[in-house]
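Heavy atoms only: backbone and side chains are in, while hydrogens, waters and symmetry mates are out. Given the structure is predicted, the values throughout are model-derived calculations rather than measurements. A, B, ... follow the sequence lines: proteins, then strands. Residue 1 opens every chain.
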Amino acid sequence: MISVHDLEVSLGGKNILKGVDLTLKKGESLVVLGCSGTGKSILLKSLLGLVPKQKGRIIIDGVDFDTATSDECEMALRSVGMLFQNSALFDSLTVWENVAFGLIYGRRLDPRKAKEIALEKMSLVDLDRSVANLFPSELSGGMMKRVGLARALALSPQVIFFDEPTTGLDPITGRIVIDLIDKTVKDSGIAAITITHDLTCLRRVADRVAFLFDGRVIWTGSIQGMDSTENPYLRQFLDALPTGPLTDKREG
Amino acid sequence: MNALAIIGRGTLGFCRACGRCVLFLSQTFRKGLFPPYYGAQIGQQMIQVGFLSLPVIGLTAAFTGAVLALQSYTGFSRFSAQSALPTLVVLCMTRELGPVIAGLMFAGRVGATMAAEIGTMKVTEQIDALQTLSTCSYKYLYWPRILAGLTTLPLLVFIADILGVLGGYLVAVYQLDFSGAQYLKMTREFLTAGDVISGLIKSAFFGVSTALMGCYYGARSTGGAAGVGRTTMNAVVSSSIAILCLDYILTTVLFHK
């Protein structure tokens with residue numbers, strides 16, 4: 001579904017990604033772990049073409065972004081949805097308008113038909129119709145995540161990127177959102193890449209884990225493999241140890 | 001040596017920024033001119049940018065015309081040329097003060113609003129979200145604003161010209177004892193269509209440059225609330241400077257003999 005080879009991204013003269021290799025199969029749920037500032041969000045944004053890459057190949061749904069036309073790239077990116085870290089809802093639009101946005105402006109659907117689809121997607125993420133006419137500023141953090149998820153689902157993507165879906169939520173709401181993501185992704189057979197520091201979230205949603213450090217994926221494997229890993233970097237991260245190779249290298 | 005390096009860096013930075021602005025504008029035109037068009041967004045921007053700017057621009061123009069009449073009268077009376085006052089007011093308003101004063105007010109109101117709005121959308125990832133929803137930010141965000149700047153500022157300047165002349169008329173007739181009919185006759189006598197049209201042409205350039213600065217700086221915002229604040233300030237300062245520079249260039253081109 002997605003294949004990344006030797007991806008390099010620099011921002012403001014600083015090398016953020018230094019050769020990332022990654023694959024995501026159809027229907028698979030991959031969780032990308034890593035310390036803050038290792039470029040996890042940049043990785044997702046570069047896959048979406050929001051951040052330019054310096055080097056490397058990105059192939060989404062068989063479309064190689066280096067050789068494809070801009071129309072082919074656009075079509076391939078239509079199969080990808082994203083739930084942003086802070087939901088990134090359009091604050092001048094109501095909940096249903098946010099959910100239907102991509103249908104109305106991206107796919108040019110009739111607004112009445114788009115509203116029907118939006119209400120249907122809202123019910124998928126347990127959002128009541130009564131919130132349809134509220135504005136994002138009137139919603140709680142958990143509800144905003146649900147609206148963001150419904151918005152990403154509205155375009156029927158084949159892959160969804162989740163950028164730290166539980167950040168800023170209390171543990172109970174975080175758990176509800178994780179369950180919702182897990183249920184939605186598995187029920188619809190969608191592939192997912194989730195970025196998180198939350199180990200509860202990881203254990204709930206991951207089929208496979210990739211650990212990003214110093215701009216490269218230094219470990220990939222299953223949850224069982226992760227639990228029994230001897231990799232000193234991942235071990236320090238999982239055990240939340242203040243000293244070890246991760247902190248030594250960062251301080252160095 | 002150090003001073004030269006600073007000047008060199010500043011010059012290169014300025015040239016780079018100008019180049020990026022031009023690329024941004026050409027990209028906006030290239031994408032905006034082709035479908036899909038977002039009519040509702042264009043209409044909404046026309047109202048926000050044009051119609052809602054009318055009170056502040058109208059008021060400024062009326063007072064500018066009034067003050068111009070008062071000041072000119074004082075000056076002209078020193079060499080008994082008071083009768084030229086209506087001509088001076090109308091020519092100044094249509095050729096220079098109408099477009100520039102309206103342009104600067106427009107830059108303060110509209111440039112700041114656009115930069116703050118787009119800047120906030122940028123730092124809260126709403127512009128990234130647009131892209132993931134198959135919506136081109138150039139077509140949805142920037143083109144409607146630049147089109148609104150291009151079309152509404154000339155209309156606003158036309159109204160400002162009328163209100164400026166009206167301000168001068170009121171002062172001249174009710175304060176300086178001019179005859180109303182004589183004032184209007186003098187106003188019409190030396191005014192040509194070229195005077196009005198040249199002002200409207202200038203204002204179209206001012207409208208585009210203001211909207212361009214608002215969108216360009218907004219789209220380059222980084223760093224949260226402080227970043228958006230800086231962006232807004234840069235947009236207003238740059239668009240004001242651009243208006244004054246463009247005014248000189250266009251005046252040279254339009255009135256060159």
> Is the NZ or CZ atom of A/R151 positioned over A/F90's six-membered ring, under 6.0 angstrom from the centre and within 45° of the axis?
Replying inline: yes
>> Pair B/S221, B/T231 - check side chain to side chain donor-acceptor pair (under 3.5 Å), show working.
In response: CA-CA 6 Å; B/S221 282; B/T231 288; 2.7 Å; yes
>> Between A/K145 and A/E164, does any NZ, NE, NH1 or NH2 come within less than 4.0 Å of an OD or OE carboxylate oxygen?
In response: no
> Going by the angle between their ring planes, with limits at 30° and 60°, are B/F24 and B/Y138 parallel, tilted or perpendicular?
Replying inline: tilted
>> Using a 4.5 angstrom heavy-atom cutoff, name the option from A/A154, A/A88, A/G102 with the most pairs to chain B.
In response: A/A88
> Is it the side chain or the backbone of A/R107 that comes within 4.5 Å of chain B heavy atoms, both, or neither?
Replying inline: side chain
> Taking the six-membered ring for Trp, are B/Y140 and B/Y38 parallel (under 30°), tilted (30 to 60°) or perpendicular (over 60°)?
Replying inline: perpendicular
> Measuring heavy-atom distances to chain A, does B/Q41 have an atom under 4.5 Å in its side chain, in its backbone, in both, or in neither?
Replying inline: side chain
> Top residue by heavy-atom pair count (under 4.5 Å) with chain A, among B/I127, B/L130, B/T124?
Replying inline: B/L130
> Using non-hydrogen atoms only, which part of A/L155 is less than 4.5 Å away from chain B: side chain, backbone, both, or neither?
Replying inline: side chain
> chain B heavy atoms under 4.5 Å from A/L89: which part of the residue, side chain, backbone, both or neither?
Replying inline: backbone
